[in-house]
Amino acid sequence: MTSVSEFLTTHEGALRSGVFLGLLILLLALERLRPRREQHVSARHFASNLAFGVLNALILRVALPGGLVLLAIGFQTAYPTIGLMVWLDLPKGLAFLVCLVLLDLLLYWQHRLFHQIEFFWKFHSAHHGDRNLNVSSGVRFHPGEALISLVVKALAIVALGVPAAAIILFEVLLSAAALFNHANWSLGRLDGVLQKLIVTPDMHRLHHSRLESESRKNYGFFLSGWDYLFGSYKNQPDTPHKNIALGLEDMPEDGFAPTLQRPFKPSLPKS
Ligand SMILES: [Zn+2]
Ligand SMILES: [Zn+2]
């Protein structure tokens, strides 16, 4: 366990960028080889989505310069007796696993509340405005949502006492799952099999439907079990995947600038 932790902490930067870029290129190739839907993603649309990823990375770096890992190390050094993992005193490997599962559960509820609370929906709707769901949609989040999510994760990490290596693995997993879930890639029957354990592209595409009966389903991020457990799982959309209407009715323009301004415009319909 110690060697895994050491590997993760010493290779954090390379691991994060390597997994992100490697998976992005792989999924782009798979989207071309086996697309799930016939759709044209323009270079402009792709660049606009990636611009959100770059902007968010910069904003989060300014908001929390050392990132969540340094925050956790700093807090745990200053207050070594605080945190759920300290109180439970679990074996290191088990604490590592428990933290990953609890952080995934937290993201499930955060996502659900982003749909249910109007203030949060103003920001999250920027993500749902994408009419051409594809791998680049995995980084298309409004900076407001990215900042709120950073605060939620920081509080959880401090309260749980998450080990630094688990934070790194969680964040790598987070960006990998976001790219995978949004890919316009047909996994065939494998999609249904994988859905028993993890969130898949078909499962998440249903969540991007314009129908409220579908966009209020499949909130999971990595483990699909939370949707089964909390009654928000929907297996198949009402219309076949190739025909699901994606995006938002009131958001015909999904470019970078209008999406960025969206939360600051007057009232939006709920979803
Ligand atoms: Zn959503
Ligand atoms: Zn999404």
Side-chain angles (χ1 to χ4, degrees), residues 20 23-24 27-28 31 36-37 39 41 45-46 48-53 55-56 104-149 152-153 171 173-185 187 191 194-195 198-224 226-227 230-234 237 241 244-251 254 256 259-260 262-263 268-271:
F20 179 83
L23 201 57
L24 180 68
L27 289 169
L28 275 171
E31 283 185 333
R36 185 68 162 110
R37 290 160 58 93
Q39 59 184 29
V41 180
H45 182 83
F46 190 80
S48 154
N49 279 356
L50 287 191
F52 278 101
L55 179 65
N56 288 339
D104 192 56
L105 170 64
L106 176 80
L107 285 197
Y108 167 89
W109 278 106
Q110 177 188 283
H111 188 187
R112 204 162 162 162
L113 293 176
F114 265 115
H115 278 261
Q116 287 170 348
I117 298 173
E118 201 177 340
F119 174 76
F120 292 151
W121 171 246
K122 278 177 186 278
F123 295 100
H124 186 55
S125 64
H127 177 63
H128 279 263
D130 200 327
R131 295 182 169 215
N132 284 295
L133 215 58
N134 67 92
V135 64
S136 71
S137 315
V139 294
R140 178 201 164 98
F141 291 95
H142 195 282
E145 175 169 356
L147 280 169
I148 295 167
S149 186
V152 171
K153 280 185 271 184
E171 293 207 298
L173 206 66
L174 202 85
S175 78
L179 294 179
F180 172 68
N181 294 343
H182 292 92
N184 178 34
W185 169 34
L187 280 86
D191 199 293
L194 288 176
Q195 265 185 51
I198 61 168
V199 179
T200 61
D202 274 7
M203 188 175 165
H204 191 68
R205 189 177 307 102
L206 187 148
H207 173 73
H208 276 264
S209 163
R210 279 189 212 178
L211 297 177
E212 197 179 292
S213 57
E214 294 181 341
S215 67
R216 294 288 185 111
K217 299 287 179 190
N218 299 357
Y219 293 107
F221 199 81
F222 179 63
L223 297 172
S224 52
W226 308 124
D227 281 299
F230 299 115
S232 54
Y233 177 69
K234 187 166 162 75
H241 275 277
I244 300 181
L246 301 173
L248 297 170
E249 209 74 66
D250 70 321
M251 197 174 172
D254 63 359
F256 185 71
T259 305
L260 208 54
R262 182 173 166 83
L268 297 165
K270 286 191 176 179
S271 183

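Just follow the structure's listing: the first ligand is 1, and inside any ligand the first atom is 1.
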Hey, do the aromatic rings of His207 and His127 have their centres closer than 6.0 Å? no

Here the N/O/S atom of His124 closest to the Zn ion (ligand 1) would be NE2

Do Leu105 and Trp226 make a side-chain contact, defined as non-hydrogen atoms from C-beta onward lying under 4.5 Å apart? yes

For the Zn ion (ligand 1), what is the closest N, O or S atom on His111? NE2

His204 NE2 to His182 NE2 via the Zn ion (ligand 2), rounded to 10°, gives 90°

Test item: Met203 and Ser224 side chains (from C-beta on) under 4.5 Å apart, heavy atoms: yes

So does His208 have any N/O/S atom less than 2.8 Å away from the Zn ion (ligand 1)? no

Is there a donor-acceptor pair under 3.5 Å between the side chain of Asn184 and the backbone N or O of Arg37? yes

